[in-house]
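This report concerns only the one structure given below.
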Amino acid sequence: MLKRLEIVGFKSFARKTVLDFSSAATAIVGPNGSGKSNVAEAFRFALGEQSMKSMRGKRSEDLIWAGSHATSRSNRASVAIVFDNKKRIFPRLEYDEVTIERAVFRDGSSEYLINGSKVRLRDVQELLAGANVGDTGHHIISQGEADRILLAHPRERRAMLEDALGLKYFEFKKQEAQRKLERTQDNVREVEALRREIAPHIRFLQKQVEKLERAEELVRELADLARTYFAVEEAYIGSEREASSVRKTQAAEGLAAASLELAAFDERSTTDSESMKRSEAIRQAEREVDRLSSQRAQLSRDIGRVEGGLHETKKRSAAVAREPYVKVTREDLGALREEVEKQAKISEDAEPGAVRAALASLRAAVAAFFDRYAAPNDDYLAEEENSVFQLENERTALLQKDAELEGAVEKARSVLMKAREASLAHEETGREEKRRILGLAESKAREESAVAREDGRMRELQMLADELERDRAEVLALAGSSAFSYETMELAPEERRAQEDRKRLLERLKIRVEEAGGTGEDVRKEYTDASEREAFLAHELEDLSKSAEGLAGLIADLDEELTKTFAEGLAKVNHSFGEYFSIMFGGGGAKLVLEEFDAEPDEEEESYEEDESDLPAGKAGKKKQGKPGIEISVHLPKKKVQSLMQLSGGERALTSIALIFAMSQVNPPPFLILDETDAALDEANSRRYGDMIEELAKKSQLIVITHNRETMSRAGILYGVTMGNDGISKLLSVKFEEATSVAK
Ligand code: ATP
């Protein structure tokens, strides 16, 4: 409900002028040029009209009171429309009264206020659209513009109809959703670009982490294998040592017993000189056997030492072969730097001889450095290989000597045996005793070699133990202490057989673990962070896609709503249009028809829809092409005329009035301003017009600017507008009789 209009400094209304609209129909009357149309324009202005032309101005300044000889000009024009909002025609505002105000200044700036608070034009437009007061001006019919709707382009006509049907509100919502959708799609693209950007880094980190995991897996494998290998090896060495030591003790005991018994025989047979000689020969042979045996024991210790050295050297040599370049030592680098600095000090004007000498010295130092470091480390390799070669030679020599010694021991033993046999032969001993002595000598020799065998065995076992120790040290360095958490075990003999395979695998694993190397925890952390970020982005993308989907759905719903409301509205308007038309013309008919679809855009159309400039041009174009415009089809009673162009002035006025009224009926705007819409009507039609005004006033508040007596007679309130010599419009309430004095 319209309550008041307050005008200050707008056009000819220099002073504050207030129009109350407490009646369903208000008429504004007065002489030509007194400022009546300025009242209609004041409405347009306050509602946010952007076209200066439709307010009969060129610049904003034209809207401000320009001054007269009697009164100076104003710097500000403002118009406020006060609505009764008790019925919440503006549902979003919880006030019983809503004031929409606009002010313009001489610098051209505009200000919009809703209930005194500054807002944007768009806020005003949205508020009005919600109350069915759109901005195509279908509710304000300016003077001489009654047939604007007849002259309008079909698409402009469609816009007016949409506006009248209250579709603007949905359009606003749709535009808002479209803007949000575009923003969302921008965000989607942004997030997608970000994901593309970090993807290679993540892939790189993932590979690093996989490498790390593979290395860890290898370390685990190594530790697992080492545990079994160490346990078996320890058990084997332990049990073998025990067994060997038992055997050696037994042999030593047997040896001692045989020696003792033999010594007793020897004692007996040394009584005569012959037998003394023989005894001496036997003792000498025995000493020789002892000497050679102890030499052999020393030799086997040497063999052990050489074999240990050989193992170490072979390993070093293999390491050098893997790492073929020499590491530069600090000392060598320092020496080179010193030399360079020293020679660089030579002054520019030094003797050529001195310069040559400096250069030569420099060249020599650099060459020596390169010789040492730039070539692969062949020398070292050769040196190590040479050591291996020498140690192998040494071992071969020692083994050969051992074999020789073995032969010598055997020989000495057989000498000893022969001496004993000779001694026995010459002595008067019984067969029994002889056999006994022979048996004893045999068993002594057997036990001796058994002791030597067990000594050899012990050496072998010591070598195994040493090697195990070295393996343990290496595995500790590569796989940590977890490789040692195993329990000692009893060993089944066949277990040991698998050790060779295990050992081979262990060596291979050691090399692979060394090669895999560790990449470190920081990579894992970085990978976790990057993956989390990626997951966050993926989630965000999902959210954005969902909201884009929601918005697209909303747009589709709104489109459907728009299409449906439009179709229903069109049918209703057509119904009323036909009725009003037939009342006005006493028969005939008229209707709105959807234009045959034609996608050709034209100039006229471009200039219209300026109010949608906030939509991208492409979109606006597409939208225009998507909707057919509206044509008007009429047939007058008893006439063949069908084209609008062929109608008379009065007929055109009647047709457009019928259409305007029909549109207002379907979705009544809160108010309707008609500026001399009735100017072209004869008496009979004026009456019909008056009837319709009364009918219309039941649904919308009417403000009619008129010179027509009939129209005046239908208004509840009459305002007279006059203009004196000072050029200022003045407003006064008038009685019907006073009003008719200015009527035609
Ligand atoms: P008609 O009955 O002939 O249509 P009207 O009553 O509708 O006349 P308007 O067209 O509203 O009259 O008023 C025009 C008057 O307003 C002119 O006299 C014009 O000089 C005056 N006017 C328009 N703009 C300004 C302004 N900025 N400052 C002062 N006066 C202005």
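With respect to Leu702, the side chain to side chain contact (heavy atoms under 4.5 Å, CB included) criterion is satisfied by exactly one of Leu696, Leu2, Ile673: Leu696.
A pairwise comparison of heavy atoms in Ser729 and Ser34 identifies OG-O, 2.6 Å as the closest pair. Nearest approach of Ile149 to Ser656, heavy atoms of both residues: CG2-CB, 4.0 Å. Shortest non-hydrogen contact noted between Phe13 and Val39 is CZ-CG2, 3.5 Å. Shown here for Ala697 and Ala24, the closest heavy-atom pair between the two residues is O-CB, 3.7 Å.
In this structure, the side chains of Ile728 and Met723 stay at 4.5 Å or more apart for every pair of heavy atoms. Put simply, the side chain of Thr655 reaches to within 4.5 Å of the side chain of Phe585, judged on heavy atoms. Side-chain contact between Leu659 and Met663: present, with at least one pair of heavy atoms (C-beta onward) separated by less than 4.5 Å.
A donor-acceptor contact shorter than 3.5 Å is absent between the side chain of Ser74 and the backbone of Arg76. In terms of modelled atom types and a separation under 3.5 Å, the side chain of Arg652 and the main chain of Leu647 share no donor-acceptor contact. With Arg56 contributing its side chain and Lys53 its backbone, the two residues share no donor-acceptor pair below 3.5 Å. With hydrogens and angles ignored, the 3.5 Å screen pairs no side-chain donor or acceptor of Ser110 with any backbone N or O of Val104. Of the possible polar contacts, none joining the Ser700 side chain to the Pro668 backbone as a donor-acceptor pair under 3.5 Å is found. In this structure, the side chain of Arg102 engages the main chain of Glu49 through a donor-acceptor pair within 3.5 Å. For the pair Thr17 (side chain) and Arg15 (backbone), a donor-acceptor distance under 3.5 Å is present. At least one donor-acceptor pair under 3.5 Å links the side chain of Asn115 to the backbone N or O of Thr99. Under a 3.5 Å cut-off, the side chain of Glu595 and the backbone N or O of Pro154 do not form any donor-acceptor pair. Judged by distance alone, with hydrogens and angles left aside, the side-chain atoms of Lys36 form no donor-acceptor pair with the main-chain N or O of Ile28 at under 3.5 Å.
Asp62 has a carboxylate O that lies under 4.0 Å from a charged side-chain N of Arg59, or vice versa, which qualifies the two as a salt bridge. A salt bridge does not link Asp186 with Arg183: none of the charged nitrogens is closer than 4.0 Å to a carboxylate oxygen. Remark: Glu192 does not engage Arg196 in a salt bridge, criterion side-chain N to carboxylate O under 4.0 Å.
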**Message:** For a side-chain hydrogen bond (donor to acceptor under 3.5 Å, both in side chains) check, start with the C-alpha distance between Ser142 and Arg44, then their side-chain angles and the critical distance, and finish with the verdict.
**Reply:** CA-CA 10 Å; Ser142 290; Arg44 280 191 194 282; 2.7 Å; yes

**Request:** Applying side-chain hydrogen bond (donor to acceptor under 3.5 Å, both in side chains), run through Gln665 and Ser576 and close with a yes or a no.
**Result:** CA-CA 8 Å; Gln665 283 275 295; Ser576 303; 5.0 Å; no

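Atom NZ of Lys3 sits in a crowded spot, with more than 12 heavy atoms from other residues, nucleotides or ligands closer than 6.0 Å.
Applying the ring pair (Phe, Tyr, Trp, His ring centres under 6.0 Å) rule to pairs touching residues 177-196 yields nothing, sequence neighbours excluded.
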All N/O donor-acceptor pairs, side-chain side in residues 535-562, below 3.5 Å, sequence neighbours left out:
{"residue": "Ser545", "atom": "OG", "partner": "Leu541", "partner atom": "O", "Å": "2.7"}
{"residue": "Ser547", "atom": "OG", "partner": "Leu544", "partner atom": "O", "Å": "3.3"}
{"residue": "Asp559", "atom": "OD1", "partner": "Lys174", "partner atom": "NZ", "Å": "2.7"}

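Rounding to the nearest 0.5 angstrom, the gap separating the CD atom in Gln185 from the CD atom in Gln178 is 10.0 Å. Taking CD1 of Ile660 as the start and CG of Leu674 as the end, the distance is 7.0 Å to the nearest 0.5 Å. Rounded to the nearest 0.5 angstrom, Leu127 CG and Phe90 CZ are separated by 5.0 Å. Between Lys591 atom NZ and Ile630 atom CD1 the span is 13.0 Å, to the nearest 0.5 Å. From Asn708, atom CG reaches atom CD of Glu683 across 9.0 Å, with rounding to the nearest 0.5 Å. Between Arg688 atom CZ and Ile583 atom CD1 the span is 9.5 Å, to the nearest 0.5 Å.
Ser648 pairs by the side-chain contact (heavy atoms from CB on, under 4.5 Å) definition with Glu651, not counting sequence neighbours. With sequence neighbours excluded, the residues that form a salt bridge (charged side-chain N to carboxylate O under 4.0 Å, His left out) with Lys730 are Asp726. Scanning for salt bridge (charged side-chain N to carboxylate O under 4.0 Å, His left out) contacts around Glu568 gives an empty result, with sequence neighbours left out. For Val666, the side-chain contact (heavy atoms from CB on, under 4.5 Å) test picks out Leu165, Lys572, Val573, with sequence neighbours left out.
Geometrically, Arg158 engages Phe566 in a cation-pi contact defined by less than 6.0 Å to the ring centre and at most 45° from the axis.
Residues Phe43 and Phe671 bring their aromatic ring centres within 6.0 Å.
Between the side chains of Asp20 and Ser22, no donor-acceptor pair of N or O atoms lies under 3.5 Å.
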